[in-house]
Amino acid sequence: MWQSIGVKEVFASVNWLTIPDVAEQLNLPIGKVHRLIEDHHLIETRIDGIRRVPADAIKDGEPLHTLRGTVQVLFDAGYDMDGALEWLYTVEDSLGTTPMAALVAGKRAEIRRIAQTLF
(Lines give C-alpha, C1' and ligand atoms only; values in the text may rest on other atoms or scores of the structure.)
Protein backbone atom coordinates (compact mmCIF):
# COMPACT_ATOMS: atom_id res chain seq x y z
CA MET A 1 0.00 0.00 0.00
CA TRP A 2 1.47 3.35 -1.01
CA GLN A 3 0.86 5.03 2.35
CA SER A 4 3.27 2.64 4.04
CA ILE A 5 6.16 3.65 1.77
CA GLY A 6 5.42 7.35 1.44
CA VAL A 7 3.39 9.49 -0.90
CA LYS A 8 3.48 8.39 -4.53
CA GLU A 9 5.19 10.70 -6.96
CA VAL A 10 1.82 11.51 -8.56
CA PHE A 11 0.78 13.13 -5.26
CA ALA A 12 3.99 15.10 -4.77
CA SER A 13 2.42 18.38 -5.89
CA VAL A 14 -0.94 17.87 -4.16
CA ASN A 15 -1.69 20.27 -1.34
CA TRP A 16 -3.27 18.10 1.39
CA LEU A 17 -5.54 19.28 4.19
CA THR A 18 -6.23 17.48 7.45
CA ILE A 19 -9.84 16.90 8.48
CA PRO A 20 -9.70 19.79 11.02
CA ASP A 21 -8.32 22.05 8.25
CA VAL A 22 -11.22 21.05 5.99
CA ALA A 23 -13.72 21.69 8.79
CA GLU A 24 -12.27 25.15 9.26
CA GLN A 25 -12.31 25.97 5.53
CA LEU A 26 -15.90 24.79 5.16
CA ASN A 27 -16.96 26.26 8.51
CA LEU A 28 -18.45 22.90 9.51
CA PRO A 29 -18.10 20.58 12.48
CA ILE A 30 -15.68 17.68 11.96
CA GLY A 31 -18.61 15.22 12.02
CA LYS A 32 -20.11 16.94 8.97
CA VAL A 33 -16.78 16.69 7.15
CA HIS A 34 -16.72 12.95 7.85
CA ARG A 35 -20.24 12.73 6.39
CA LEU A 36 -19.15 14.62 3.25
CA ILE A 37 -16.34 12.09 2.85
CA GLU A 38 -18.68 9.12 3.42
CA ASP A 39 -21.08 10.52 0.81
CA HIS A 40 -18.17 11.15 -1.60
CA HIS A 41 -18.65 14.90 -1.78
CA LEU A 42 -15.01 14.95 -0.66
CA ILE A 43 -12.23 12.43 -1.23
CA GLU A 44 -9.59 11.43 1.24
CA THR A 45 -6.70 9.10 1.94
CA ARG A 46 -4.43 8.35 4.83
CA ILE A 47 -0.90 9.67 4.69
CA ASP A 48 1.32 8.66 7.58
CA GLY A 49 -1.83 7.53 9.40
CA ILE A 50 -3.56 10.92 9.09
CA ARG A 51 -6.70 11.36 7.02
CA ARG A 52 -6.15 14.00 4.36
CA VAL A 53 -8.26 15.67 1.68
CA PRO A 54 -6.77 17.36 -1.39
CA ALA A 55 -7.16 21.13 -1.07
CA ASP A 56 -8.52 21.47 -4.59
CA ALA A 57 -11.50 19.30 -3.62
CA ILE A 58 -12.73 22.53 -2.04
CA LYS A 59 -13.61 25.49 -4.22
CA ASP A 60 -15.09 28.79 -3.10
CA GLY A 61 -15.59 27.48 0.45
CA GLU A 62 -17.57 24.40 -0.64
CA PRO A 63 -16.81 20.88 -1.80
CA LEU A 64 -16.10 20.83 -5.54
CA HIS A 65 -19.60 20.07 -6.83
CA THR A 66 -18.41 18.06 -9.84
CA LEU A 67 -16.31 15.69 -7.75
CA ARG A 68 -19.01 13.40 -6.33
CA GLY A 69 -20.40 12.24 -9.68
CA THR A 70 -16.93 11.75 -11.12
CA VAL A 71 -15.85 9.66 -8.13
CA GLN A 72 -19.01 7.59 -8.53
CA VAL A 73 -18.13 6.88 -12.18
CA LEU A 74 -14.67 5.78 -11.06
CA PHE A 75 -16.14 3.52 -8.37
CA ASP A 76 -18.45 2.00 -10.98
CA ALA A 77 -15.34 1.29 -13.07
CA GLY A 78 -13.90 -0.70 -10.15
CA TYR A 79 -11.64 1.89 -8.55
CA ASP A 80 -11.36 2.25 -4.79
CA MET A 81 -10.79 5.66 -3.17
CA ASP A 82 -7.00 5.51 -3.45
CA GLY A 83 -7.21 4.38 -7.07
CA ALA A 84 -9.66 7.17 -7.84
CA LEU A 85 -7.34 9.71 -6.24
CA GLU A 86 -4.40 8.41 -8.24
CA TRP A 87 -6.41 8.59 -11.48
CA LEU A 88 -7.58 12.12 -10.68
CA TYR A 89 -4.01 13.30 -10.12
CA THR A 90 -2.28 11.51 -13.00
CA VAL A 91 -1.80 13.61 -16.12
CA GLU A 92 -4.22 12.54 -18.85
CA ASP A 93 -2.47 12.89 -22.20
CA SER A 94 -5.65 13.82 -24.07
CA LEU A 95 -6.17 16.75 -21.67
CA GLY A 96 -2.59 17.81 -21.14
CA THR A 97 -3.34 18.09 -17.44
CA THR A 98 -4.74 16.03 -14.59
CA PRO A 99 -8.42 15.14 -14.48
CA MET A 100 -8.65 16.96 -11.12
CA ALA A 101 -7.26 20.17 -12.63
CA ALA A 102 -9.76 19.84 -15.47
CA LEU A 103 -12.61 19.33 -12.97
CA VAL A 104 -11.56 22.44 -11.08
CA ALA A 105 -11.55 24.28 -14.42
CA GLY A 106 -15.16 23.18 -15.05
CA LYS A 107 -14.61 20.41 -17.59
CA ARG A 108 -16.90 17.89 -15.90
CA ALA A 109 -18.44 16.34 -19.01
CA GLU A 110 -15.07 15.75 -20.66
CA ILE A 111 -13.63 14.13 -17.52
CA ARG A 112 -16.64 11.87 -17.03
CA ARG A 113 -16.49 10.77 -20.67
CA ILE A 114 -12.87 9.76 -20.17
CA ALA A 115 -13.68 8.05 -16.86
CA GLN A 116 -16.49 6.07 -18.49
CA THR A 117 -13.99 4.58 -20.95
CA LEU A 118 -12.30 2.89 -17.98
CA PHE A 119 -15.08 0.28 -17.68
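- Q25 and D21 are not linked by any side-chain donor-acceptor pair at a separation below 3.5 angstrom, with hydrogens and angles left out of the test.
- Taking every heavy atom of both residues into account, A57 and L42 meet most closely at O-CD2, 3.7 Å.
- Note on ring orientation: taking the six-membered ring where Trp is involved, the planes of Y89 and W16 are tilted (angle from 30° to 60°).
- How far OG1 of T90 is from CZ of F11: 7.0 Å, rounded to the nearest 0.5 Å.
- For E24, the CD atom sits in a loose shell: 12 or fewer heavy atoms of surrounding residues, nucleotides or ligands are nearer than 6.0 Å.
- Residues V53 and I47 do not share a hydrophobic cluster, clusters being chains of Ile/Leu/Val/Met/Phe/Trp/Tyr side chains in contact below 4.5 Å.
- Contact annotation: the side chain of V73 approaches that of Q116 to within less than 4.5 Å [non-hydrogen atoms, C-beta and beyond].
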Working for side chain to side chain contact (heavy atoms under 4.5 Å, CB included), residues I114 and L95: CA-CA 10 Å; I114 293 169; L95 298 169; 3.9 Å; yes
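- Atom CG of L88 and atom OG1 of T70 lie 7.0 Å apart (nearest 0.5 Å).
- Hydrophobic clustering (ILVMFWY, side-chain heavy atoms < 4.5 Å, transitive): L85 and I50 are in distinct clusters.
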Chi angles and distances behind the side chain to side chain contact (heavy atoms under 4.5 Å, CB included) call for L36, E38: CA-CA 6 Å; L36 289 170; E38 289 170 12; over 6 Å; no
Evaluation steps, side chain to side chain contact (heavy atoms under 4.5 Å, CB included), between I30 and V22: CA-CA 8 Å; I30 289 176; V22 173; over 6 Å; no
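- By the rule that hydrophobic residues join a cluster once side-chain heavy atoms approach within less than 4.5 Å of another member, I58 and V33 end up as members of one cluster.
- Rounding to the nearest 0.5 Å gives a distance of 7.0 Å between CZ of R52 and CG of D48.
- Each ring pair (Phe, Tyr, Trp, His ring centres under 6.0 Å) pair with one or both residues in residues 23-45, not counting sequence neighbours, appears once here: H40-F75.
- Environment of CG in D39: crowded, with over 12 heavy atoms of neighbouring residues, nucleotides or ligands closer than 6.0 Å.
- Interatomic distance, D80 CG to E86 CD, rounded to the nearest 0.5 Å: 9.5 Å.
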Could you tabulate the donor-acceptor pairs under 3.5 Å formed by side-chain atoms of residues 98-111, not counting sequence neighbours?
{"residue": "T98", "atom": "OG1", "partner": "A101", "partner atom": "N", "Å": "3.0"}

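- Note that the CE atom of M81 and the CD atom of E44 stand 6.5 Å from one another [nearest 0.5 Å].
- Scanning both residues, A23 and P29, for their nearest heavy atoms gives CB-C, 4.4 Å.
- No continuous path of hydrophobic side-chain contacts links L118 to V91 [ILVMFWY only; heavy atoms under 4.5 Å].
- The minimum heavy-atom distance linking G49 with R46 is given by the pair O-NH1, 3.4 Å.
- Note that NE2 of H65 and CD of E62 are 9.5 Å apart. Values are rounded to the nearest 0.5 Å.
- Considering D82, V71, I37, L74 in turn, V71 is the only one that fulfils the side-chain contact (heavy atoms from CB on, under 4.5 Å) rule with I43.
- Residues I19 and V14 fall into different hydrophobic clusters, defined by Ile, Leu, Val, Met, Phe, Trp and Tyr side chains chained together at heavy-atom separations under 4.5 Å.
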